[in-house]
Number of protein chains: 2
Amino acid sequence: MNIGEVAERSGIPTKTIRYYEDIGFLHPKRNENGYRIFEETELHKLTFIGRARSLGFNIEECRALLALYEDKERGSSDVKKIAQQHVQEIEAKIADLIAMRDTLTHLITACAGDHRPDCPILDNLSDGKGE
Amino acid sequence: MNIGEVAERSGIPTKTIRYYEDIGFLHPKRNENGYRIFEETELHKLTFIGRARSLGFNIEECRALLALYEDKERGSSDVKKIAQQHVQEIEAKIADLIAMRDTLTHLITACAGDHRPDCPILDNLSDGKGE
DNA sequence: TCTTGACCTTCCAGTGGCTGGAACCCTTAG
DNA sequence: CTAAGGGTTCCAGCCACTGGAAGGTCAAGA
C-alpha cells in the first residue's frame with residue numbers, strides 16, 4: 001500500500017502519517033523508488049492512533065497506549081489508569097468551559113444588543129463587576 | 001509604572017505583556033534608560049484583555065472587543081454578536097469533550113483494571129467496537 | 001514518443017499564545 | 001565593590017499538525 005491508500009483507509013491525512021513516522025510511531029519500508037510501503041499492521045496501528053487521538057489522548061499517551069497494546073503481558077490496570085487520568089483532565093476542561101459559558105450567557109442576557117453604546121459585556125471586561 | 005508592577009497588578013506575566021506589545025495591543029512609552037513606562041490606562045487595558053482571555057476569547061476577538069470598548073459610538077449589538085458567536089464555539093467544545101468523556105467512562109467501566117491482559121479500552125481503540 | 005496529471009518525495013515555515021533561557025544593561029543597598 | 005533584583009533584546013521551543021515549494025515517478029492517452 002502507498003501512503004495515499006493508507007490515508008484513505010485510515011482517515012488520517014498523508015501529511016500527518018509522515019509526521020507520525022517522523023516521531024517514531026511507524027517505520028514503513030521503502031521500495032526502490034523511495035515510496036513508503038505500508039503493511040496491514042501499519043494501517044491498523046494508524047487507525048488505533050486515530051481513535052486514541054479522537055478520544056483526546058495526546059501523542060505521548062497514544063505512544064503509551066500503543067506500547068501497552070503491543071505488550072501481551074500488560075495488565076488492563078495500566079491502561080485503565082491512563083484512561084482515568086485522561087477523563088479527569090477532560091472533566092477539568094469541561095468545568096472550565098462551562099464556567100466561561102455561564103458567565104458569558106449571563107452577560108449576554110443582560111446586554112440589550114441594540115444600537116445604544118451601553119454594554120454590560122464590555123463593562124464586565126472593564127471592571128470585573130456585573131456578576 | 002515599570003513592567004513588574006503592571007504584571008503584579010494585572011496578574012499578567014511580564015513575558016506576556018511584552019508579547020502583547022509585540023502584537024500591537026499596547027504602546028508604552030520608554031524612559032531614557034529604555035524601560036517601558038505604563039500609564040493607568042495601559043494597566044486597565046491589560047486587565048481588560050486578561051479578563052477577555054480568561055473568558056476564552058482569542059487574541060483577535062480581544063482586539064475586536066478592545067476596539068469596540070474604545071469606540072464610544074458602537075452599539076452593544078456588535079459586542080453581543082461576538083459574545084454569542086463565542087458561546088457557540090464553547091458549546092461545541094463542551095459537546096466534543098462530553099462525547100469523549102462518555103465514551104471513555106463507558107470503556108473504563110467495562111475494564112476490569114487488574115493484572116489480566118484483557119482490556120476493552122484497547123479493544124475499542126483497536127477495532128472501534130465495544131460501544 | 002511526448003505530455004498530462006496524479007501520485008510520491010523532502011525540507012522549511014507557520015499556526016496560537018505564550019514561555020524559557022541566554023546575554024546583557026540599570027539601579028540601589030550594603 | 002559587589003550582589004541582588006529589576007529591566008532589555010533576541011532566539012528557540014511548546015503541541016500536533018498543516019501549507020507550500022521544488023522536484024521525482026508512474027500510468028494512461030494523443
Side-chain angles (χ1 to χ4, degrees), chain A residues 1-39 42-43 45-66 86 89-90 93 96-97 100, chain B residues 1-39 42-43 45-66 86 89-90 93 96-97 100:
Chain A
M1 250 180 298
N2 281 349
I3 198 168
E5 190 183 338
V6 180
E8 177 94 7
R9 288 176 60 188
S10 66
I12 295 172
T14 57
K15 280 273 185 188
T16 306
I17 296 172
R18 292 196 193 97
Y19 170 69
Y20 285 167
E21 183 185 1
D22 253 23
I23 62 172
F25 272 162
L26 308 165
H27 309 281
K29 296 194 186 102
R30 305 293 181 116
N31 68 16
E32 67 278 0
N33 61 16
Y35 287 18
R36 291 167 181 81
I37 357 176
F38 294 85
E39 309 291 331
E42 254 129 359
L43 171 60
K45 218 168 174 175
L46 269 171
T47 313
F48 182 103
I49 297 168
R51 287 210 189 84
R53 293 285 301 125
S54 77
L55 286 174
F57 289 103
N58 68 25
I59 293 291
E60 285 319 304
E61 287 163 339
C62 287
R63 211 186 287 277
L65 288 170
L66 209 47
H86 183 49
E89 285 160 20
I90 291 176
K93 277 186 201 166
D96 284 355
L97 288 171
M100 285 179 197
Chain B
M1 252 179 296
N2 281 349
I3 198 167
E5 190 182 339
V6 181
E8 177 93 9
R9 289 177 59 189
S10 66
I12 295 173
T14 58
K15 280 272 184 190
T16 306
I17 296 172
R18 292 196 193 97
Y19 170 69
Y20 285 167
E21 184 186 0
D22 252 23
I23 62 172
F25 272 162
L26 309 165
H27 309 282
K29 297 196 184 100
R30 306 293 182 117
N31 68 18
E32 66 280 359
N33 62 14
Y35 286 18
R36 290 166 182 83
I37 358 175
F38 295 85
E39 309 292 330
E42 253 128 0
L43 171 59
K45 218 167 174 176
L46 269 171
T47 314
F48 182 103
I49 297 167
R51 287 209 190 85
R53 293 285 302 125
S54 78
L55 286 174
F57 289 103
N58 69 24
I59 293 292
E60 286 317 305
E61 287 162 339
C62 288
R63 211 186 287 276
L65 289 170
L66 209 46
H86 183 48
E89 285 161 20
I90 291 176
K93 278 188 200 163
D96 284 355
L97 288 170
M100 285 180 196

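Chain naming here is simple, since letters A, B, ... match the order of the sequence lines and numbering starts at 1 in each.
Looking at A/Val6 and A/Phe38, their side chains come closer than 4.5 Å, going by heavy atoms from C-beta outward. In this structure, the side chains of B/Arg63 and B/Ile23 come closer than 4.5 Å at one or more pairs of heavy atoms. Between B/Asn58 and B/His86 there is no side-chain heavy-atom pair separated by less than 4.5 Å. Between A/Leu43 and A/Glu5 the shortest side-chain heavy-atom distance does not fall below 4.5 Å.
Distance CD (A/Glu60) to P (D/dC17): 12 Å, rounded to an integer number of Å. Rounded to an integer number of Å, the gap from A/Ile3 CD1 to D/dG24 P is 19 Å. Distance A/Phe57 CZ to D/dC17 C1': 20 Å, rounded to the nearest Å. The separation between B/Arg18 atom CZ and D/dG6 atom P is 12 Å, rounded to whole Å. When the C1' atom of D/dA16 is taken as reference, atom CD1 of A/Ile12 falls 12 Å away, rounded to whole Å. When the P atom of D/dT8 is taken as reference, atom CG of B/Asn2 falls 7 Å away, rounded to whole Å. What separates CZ of A/Arg63 from C1' of D/dA16 is a distance of 12 Å, to the nearest Å. At whole-Å resolution of the value, OH in B/Tyr19 and P in D/dT9 are 16 Å apart.
Tested against A/Phe25 for a ring pair (Phe, Tyr, Trp, His ring centres under 6.0 Å), the candidates A/Tyr19, A/Tyr20, A/Phe48 yield a single pass: A/Tyr20. Considering A/Arg36, A/Glu39, A/Glu42, A/Arg9 as possible partners of A/Met1, the one that fulfils the side chain to side chain contact (heavy atoms under 4.5 Å, CB included) test is A/Arg9.
Heavy-atom contacts of chain A under 4.0 Å fall on DNA chain C between two terminal nucleotides, which in 5' to 3' order are C/dC7 to C/dC11.
A distance-only check finds no donor-acceptor pair linking the side chain of B/Asn2 to the backbone of B/Gly4 [under 3.5 Å].
Look at A/Arg18 and A/Glu21 and you find no salt bridge, because none of the NZ, NE, NH1 or NH2 atoms lies under 4.0 Å from a carboxylate O. B/Glu89 and B/Lys93 are not joined by a salt bridge, as no carboxylate oxygen comes within less than 4.0 angstrom of a charged side-chain nitrogen.
Using five terminal pairs a side, the axes of the helix from C/dT1-D/dA30 to C/dG30-D/dC1 at its two ends make an angle of 30°, given in steps of 10 degrees.
For A/Asn33, taking side-chain heavy atoms from C-beta onward, the closest of the listed nucleotides D/dT25, D/dT8, D/dC17 is D/dT25.
The 5' end of DNA chain D is approached more closely, in terms of each residue's nearest nucleotide, by A/Lys15 than by the other of A/Glu32 and A/Lys15. The residue among B/Arg53 and B/Tyr35 whose nearest nucleotide of DNA chain C lies closer to the 5′ end is B/Arg53.
Across all strands shown, B/Ile23 has no heavy atoms under 4.0 Å from either base or sugar-phosphate atoms.
For the OP1/OP2 pair of D/dT9 and a distance below 4.0 Å, the side-chain nitrogens and oxygens of B/Arg30 include at least one atom meeting the criterion.
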